[in-house]
Each structure stands twice: as structure tokens, then as C-alpha cells.
Amino acid sequence: MRRPFLKMNGLGNDFVVWDARDTRLVLTPEIIAKLGSRDTGIGFDQMITVERSTVSGVDAFMRIHNCDGSQVDACGNATRCVGRLLLEESGKDAVMIQTNAGLLSATAAGAPREITVDMGKPRVNWDQIPLAEEFADTRAIELQIGPIDDPILHTPAVVNMGNPHGIFWVKDIEAYDLSKVGPLLEHHPVFPEGANISLAQFIGKDEIRVKVWERGVGLTQACGTAACAVAVAAVRDTRAGRKSKIHLPGGILNIEWRESDSHVMMSGPTEIEFEGEVDLETIEWTKTAPGDNDQAQEATGGAA
Ligand SMILES: N[C@@H](CCC[C@H](N)C(=O)O)C(=O)O
């Protein structure tokens with residue numbers, strides 16, 4: 001069966017987006033991993049399934065899978081992308097998106113294709129991250145077993161933005177090979193559900209450079225929830241003000257941790273790369289329409 005999809009990204013963090021509001025779609029982790037492979041499939045960081053919401057007045061439910069097939073509760077960049085699709089489709093000023101991490105609202109941010117998402121309140125208690133043991137202060141927890149010798153990589157700040165994040169403040173982000181330390185820290189026993197791992201370095205007042213090793217994916221160009229988690233950790237640590245610019249390899253996200261209601265607001269771009277169709281049995285896929293930045297074209301790729 002051939003199924004249409006949209007390929008989108010937020011700052012290079014890329015997604016296949018299915019519209020499953022009228023035609024149900026359930027894929028096994030094995031099929032998701034095959035589709036997500038950049039060698040044999042379409043290739044993506046996350047797979048997003050837009051379904052009908054079970055909550056009245058809510059525009060849609062968004063299901064999120066990492067490219068390894070695991071289902072997760074939050075994805076900031078994909079929420080902006082789905083927000084854009086629902087805003088364009090409905091013509092509304094704001095849309096509500098149901099996720100397994102709660103209800104999130106999306107609005108246009110001003111510039112074309114830029115979207116602001118209210119990511120809700122961060123959670124910072126040890127059992128909400130979750131951590132395997134009690135820590136009274138989650139601004140810098142002490143990892144008892146260090147998978148790496150460097151003492152800096154023993155004291156992460158931890159924040160849950162609908163998913164778990166460990167943040168390591170470093171002086172020079174280039175001094176670390178995140179592709180080596182990321183997998184060790186992602187699976188550290190202190191994180192019973194694993195964690196997204198960020199290295200964060202101040203590069204100016206309220207400007208932070210961040211590299212992310214995403215749980216269930218690996219290195220990505222950007223991670224929206226990580227940007228929110230870093231901004232929250234910086235405020236909690238009195239390192240930054242309530243509004244910060246997070247510089248990721250794929251570009252910049254503007255984050256505000258609002259004082260009035262403790263909600264985290266994330267603003268940044270979205271892009272439709274192309275429309276496509278895939279045969280879910282053979283994983284053979286075709287581009288069917290161009291994206292935001294393409295001239296009209298047709299191309300073929302996939303397992304064939
Ligand atoms: N890319 C996302 C985060 C996706 C989920 C993450 N890998 C996890 O396992 O929690 C973002 O933009 O937030």
C-alpha cells in the first residue's frame with residue numbers, strides 16, 4: 001500500500017509526518033527504523049503521526065517516534081512543524097495539539113513559516129525527570145559512576161520538558177566528541193528511561209551554544225526540547241535571564257521561560273522539504289511534490 005507523507009524539518013531536525021486523522025496508521029518499531037534509515041529508507045530523526053484528538057476542541061493528537069522505533073512523549077521542533085500545518089489548514093490564529101506530554105498551543109511567530117509553541121511547564125524534581133535515585137538539587141547532580149574521566153561530565157543539570165534531558169555546562173564545546181560521550185551518558189544508570197544529552201557553552205549574554213545527542217537518534221542538527229531544557233537550566237542556575245537565544249548546529253531557537261506562569265515558549269522556523277509517497281511493504285518511496293525551497297521537480301529514492 002502506498003501512503004502519502006510530508007517530509008519536514010525544524011532547523012534541520014527532520015521528520016516524516018503522516019496524516020492519520022482519517023486513515024489509521026500503526027507501524028512496528030522495525031518498519032519505523034527501516035523508514036528512518038538514511039541508507040535504506042526515507043531517512044529522518046523522528047516520525048510524526050497526526051491523529052484525531054480525543055479531547056474536544058483540540059485540533060489534533062501528535063504521536064512521536066524516534067528513528068530507532070521507540071515512542072516518546074515530546075518533540076519541540078516537530079510540534080512547531082505540526083503547528084504550522086494545522087494553522088495553515090484551519091486559518092486559525094492558534095491551534096491546540098494533544099501530545100502524550102500534555103496539550104501544547106502553537107501560533108504564528110511573525111516571520112514566514114516561524115512558529116511559537118507553548119511547551120508548558122518544565123519539571124525539575126528528581127522523580128519527574130525521572131532519575132534512578134533521589135537528588136534534592138537537580139541544578140547539578142553528581143553522577144557516582146562516571147563513564148568518562150572528565151569531572152565536568154559528572155555533574156549535569158537535569159530537566160524534563162516532556163522528555164528527560166541532561167545538560168553539561170562546558171567552557172569549550174569543541175573540546176568534546178559528543179558522538180563518543182553521548183551514547184554513554186544517554187544510557188547512564190541514573191537515567192532509567194535514558195536521556196537526551198546536551199553540551200552547553202555560553203557565547204554571550206543570554207546566548208548559549210548547544211550540541212545535542214538525542215536519545216533514540218544520535219547527533220541531530222537541533223532539538224527543540226533540549227533548547228528549552230538548557231534555557232531553563234540556565235535560569236535556575238542564575239546564568240541567564242528569562243529570554244535566551246540557543247545556537248544549535250542547524251540554527252537559532254528563541255526561548256522564553258515566562259515568569260508569569262512558568263511556561264516555556266519556543267520560537268523558530270519550520271520547513272516543508274517535499275511531499276512523498278512510500279510503499280510500506282517494500283519501503284520504496286517517491287517524491288510527489290516540491291517543498292518550500294524547491295523548484296517543481298520529481299525524484300525517486302529509497303530501497304530500490
Ligand atoms: N527532536 C526533538 C526531541 C525528540 C525526542 C527525543 N529524541 C527523546 O527521545 O526524548 C525535539 O525537537 O525536541
Side-chain angles (χ1 to χ4, degrees), residues 7-17 29 32-33 36 38 43-49 62-84 97 99-102 104 106 109 114-120 122-123 128-131 156 158-167 178-179 182-183 185-188 191-200 210-233 246-255 257 264-271 273:
K7 181 80 193 310
M8 297 187 79
N9 78 74
L11 296 179
N13 177 199
D14 64 346
F15 320 111
V16 154
V17 183
I32 296 170
R38 295 193 193 273
F44 53 75
D45 295 327
Q46 273 84 35
M47 185 187 94
I48 307 300
T49 313
M62 169 180 157
R63 193 177 300 283
I64 306 156
H65 286 89
N66 284 325
C67 63
D68 69 352
S70 58
Q71 187 171 329
V72 292
D73 294 342
C75 178
N77 289 323
T79 310
R80 286 201 319 283
C81 289
V82 171
R84 168 182 163 186
I97 303 167
T99 70
N100 283 331
L104 308 176
E114 296 245 343
I115 302 292
T116 298
V117 173
D118 179 344
M119 295 292 292
R123 292 181 297 162
Q128 296 171 319
I129 304 300
L131 300 177
V158 288
V159 175
N160 183 299
M161 280 306 313
N163 53 358
H165 290 270
I167 298 130
L178 190 52
S179 65
L185 294 164
E186 172 191 355
H187 299 293
H188 190 283
F191 299 119
E193 295 177 8
N196 299 286
I197 301 298
S198 292
L199 298 180
V210 174
K211 280 190 187 173
V212 188
W213 176 267
E214 278 196 36
R215 175 179 68 167
V217 183
L219 289 176
T220 59
Q221 289 297 300
C223 175
T225 48
C228 297
V230 168
V232 166
I246 307 297
H247 297 246
L248 295 141
I252 296 174
L253 286 175
N254 286 296
I255 310 293
W257 187 16
V264 180
M265 309 300 291
M266 172 198 56
S267 303
T270 64
E271 184 187 338
E273 293 178 13

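These numbers come from the heavy atoms of this one structure, side chains and all, not from hydrogens, waters or symmetry mates. Indexing begins at 1, ligand by ligand and atom by atom, following the structure's order.
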Contact check, side chains of N160 and P122, non-hydrogen atoms, under 4.5 Å:
no
For atom 9 (O) of ligand 1, which candidate among R215, H65, M119 holds the nearest heavy atom?
R215
Just to confirm my output: which protein heavy-atom neighbour is closest to atom 12 (O) of ligand 1, and how far is it?
G224 N, 2.7 Å
Using a 4.5 Å cut-off on heavy atoms from C-beta on, say whether the side chain of W213 contacts that of E186.
yes
Counting heavy atoms under 4.0 Å, the part of T225 that contacts ligand 1 is both
Do I64 and I48 come close enough that some side-chain heavy atom pair is under 4.5 Å?
yes
Show me which atoms of ligand 1 lie under 4.0 Å from any heavy atom of N163.
5 (C), 6 (C), 8 (C), 10 (O)
To which protein heavy atom is atom 6 (C) of ligand 1 closest, and what is the distance rounded to 0.1 Å?
N196 OD1, 3.2 Å
For ligand 1, note which part of D45 has a heavy atom under 4.0 Å away: side chain, backbone, both or neither.
neither
Between T225 and G76, the two heavy atoms sitting closest are CG2-N, 3.6 Å
Compare all side-chain heavy atoms of L219 with those of V212 and state whether any distance is below 4.5 angstrom.
no
What residue and heavy atom of the protein are closest to atom 3 (C) of ligand 1, and at what distance?
E214 OE1, 3.5 Å
side-chain contact (heavy atoms from CB on, under 4.5 Å) between D14 and M8: does it pass, once the steps are laid out?
CA-CA 6 Å; D14 64 346; M8 297 187 79; over 6 Å; no
Hey, is G216 one of the residues with a heavy atom under 4.0 angstrom from ligand 1?
no
In terms of side-chain heavy atoms, does T270 have a donor or acceptor partner in R80 at a distance below 3.5 Å?
no
Return a yes/no value for A222: is any of its N or O atoms, backbone included, closer than 3.5 angstrom to an N or O of ligand 1?
no
Please could you name the atoms of ligand 1 that N77 approaches to less than 4.0 Å, counting only its heavy atoms?
11 (C), 12 (O)
Distance filter under 4.0 Å to N13 heavy atoms, resulting ligand 1 atoms:
1 (N), 2 (C), 11 (C), 12 (O)
Ligand 1 and G76, any nitrogen or oxygen pair closer than 3.5 angstrom?
yes
Could you go through the salt bridge (charged side-chain N to carboxylate O under 4.0 Å, His left out) check for R38 and D45 one step at a time?
CA-CA 10 Å; R38 295 193 193 273; D45 295 327; 2.9 Å; yes
Can you sort out which atoms of ligand 1 are near Q46, meaning under 4.0 Å from one of its heavy atoms?
1 (N), 4 (C), 5 (C), 7 (N)
Heavy-atom nearest neighbour of atom 5 (C) of ligand 1 within options A101, G268, A74, C75:
A74
Mind running side-chain contact (heavy atoms from CB on, under 4.5 Å) on Q46 and H65 for me, showing each step along the way?
CA-CA 6 Å; Q46 273 84 35; H65 286 89; over 6 Å; no
